[in-house]
Amino acid sequence: MAHIVILPGDGIGPEIMAQAVAVLDEVNTRFALGITHEQHVLGGAAIDAYGLPYPEPTQKAVRTADAVLLGAVGGPRWDHIERSIRPERGLLAIRADLGLFANLRPAILYPQLAGASTLKPEVVSGLDILIVRELTGGIYFGQPRGVRTLENGERQGYNTDVYSESEIRRIARVAFEMARLRQGRLLSVDKANVLEVTELWKEVVSEVGRDYPEVSLTHMYVDNAAMQLVRAPRQFDVIVTGNLFGDILSDEAAMLTGSIGMLPSASLDERGKGLYEPCHGSAPDIAGKDVANPLATILSVAMMLRYTLRQEQAARAIEQAVGQVLDRGLRTADIAEAGQATVGTRAMGQAVVAALREQAAAL
Ligand code: IPM
Ligand code: MG
């Protein structure tokens, strides 16, 4: 038995989430998982309903849930409101509140989509990178922060990049554990030639590495890592880095795979409870048009089943169903090659559900 809180969010969130829930319900029945779920609001939808991006009913529900499934938050409609209560703050607040310090962002190239990447197929084929991003520290949360007015009347904006040893150590452990289960190669990304905070990062990650002799650890400055990701991305297995660098590099890595619309993510606390969401944003420009790709959210359901609910078989079934619909040539607009026919959000979700039913029937 597990209880899930669903947060559809804003923009394309509700329509992609409807498809993800259909997939969840399908595996729930087929594998008799006994999962129950309820919906709450976060971000802009919460601002509309409660005047706050992370309101109390949502807080209460997610704190007791076994896992949280999120669509996406934000949109131009809420961009003018006071900074401290914008939709994105809801996302940051839930990450901090639940202690979701470990953000896993896989960038996997589906062989069926090799032609959809802007990079040459020979550069990206077989790509399988896992970015482990620290998610509750660094410059995103460091104090002091703000915009102040100096004596001369000029305004000055400031933020603080800060990491304590314990924060670095716990994210490093997650990354080494992941690397151990994969190809055994870990890259730690820093800017230790300039920033003291990342000099400490590098030092502590190296210390943790002594407990993992089977993992080969290397270090790279973030500018070089950004370059290497487009030059020769297959050199990477697991990449661990801080909050801000991880935000940037994970979008870059996502795009290597052809579309950010394919990539799920997990944000885990110390005990493996997690929030699962697609890597992409709320895409307000295409919201409500039935063109968004629901696969990243559907694959986030698979990650949730694997990492928090420990239902590997159900997770695999979903991933396999996604592979089946891609094999059949179904493409939403974001993953279509020039001239290829496209399907909408609903049709793509329904095709995944149908593929799951075919799997069950074939058993
Ligand atoms: C992400 C997003 C968020 C972040 C925004 C929406 C606050 O870009 O999850 O990568 O910067 O962490
Ligand atoms: Mg981002």
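All of these numbers come straight from a predicted model, not from anything done at the bench. Atoms within each ligand, like the ligands themselves, are counted from 1 in listed order. The figures that follow rest on heavy atoms only: side chains count, while hydrogens, waters and symmetry mates do not.
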| request: Please determine, by modelled atom types, if His37 and Gln39 share a side-chain donor-acceptor pair under 3.5 angstrom. | output: no
| field | Atoms in ligand 1 with a heavy atom of Arg133 nearer than 4.0 Å | value | 1 (C), 4 (C), 9 (O), 10 (O), 11 (O), 12 (O)
| Is any N or O atom of Glu277, backbone or side chain, closer than 3.5 Å to an N or O atom of ligand 1? | no
| task | Please name the atom of Asp247, restricted to N, O or S, that is closest to the Mg ion (ligand 2). | result | OD1
| field | Salt bridge flag under 4.0 Å for residues Arg316 and Glu312 | value | yes
| query | Considering only heavy atoms, which of Arg89, Glu88, Arg86 lies nearest to atom 7 (C) of ligand 1? | reply | Glu88
| field | Audit row: Asp48, Trp78, side chain to side chain donor-acceptor pair (under 3.5 Å) steps and yes/no | value | CA-CA 9 Å; Asp48 291 348; Trp78 302 282; 3.0 Å; yes
| What protein heavy atom sits nearest atom 11 (O) of ligand 1, and how far off is it? | Tyr140 OH, 2.5 Å
| task | Write out the residue and atom name of the closest protein heavy atom to atom 8 (O) of ligand 1, then the distance separating them to 0.1 Å. | result | Asp247 OD1, 3.2 Å
Which atom pairs, donor and acceptor, lie under 3.5 Å between side-chain atoms of residues 331-341 and protein residues at least two apart or in another chain?
unit_1: Arg331; atom_1: NH1; unit_2: Leu326; atom_2: O; d: 2.9
unit_1: Arg331; atom_1: NH2; unit_2: Gln112; atom_2: O; d: 3.3
unit_1: Thr332; atom_1: OG1; unit_2: Asn293; atom_2: ND2; d: 3.3
unit_1: Thr332; atom_1: OG1; unit_2: Asp334; atom_2: OD1; d: 2.6
unit_1: Asp334; atom_1: OD2; unit_2: Ser259; atom_2: OG; d: 2.7
unit_1: Asp334; atom_1: OD2; unit_2: Asn293; atom_2: ND2; d: 3.0
unit_1: Gln340; atom_1: OE1; unit_2: Glu337; atom_2: N; d: 2.8

| query | If you measure every N/O of Arg105 against every N/O of ligand 1, is any gap under 3.5 Å? | reply | yes
| field | Residue from Glu207, Glu134, Glu203, Glu270 passing salt bridge (Lys or Arg N to Asp or Glu O under 4.0 Å) with Arg169 | value | Glu207
| query | Does a side-chain N-to-carboxylate-O contact under 4.0 Å join Glu56 and Lys60? | reply | yes
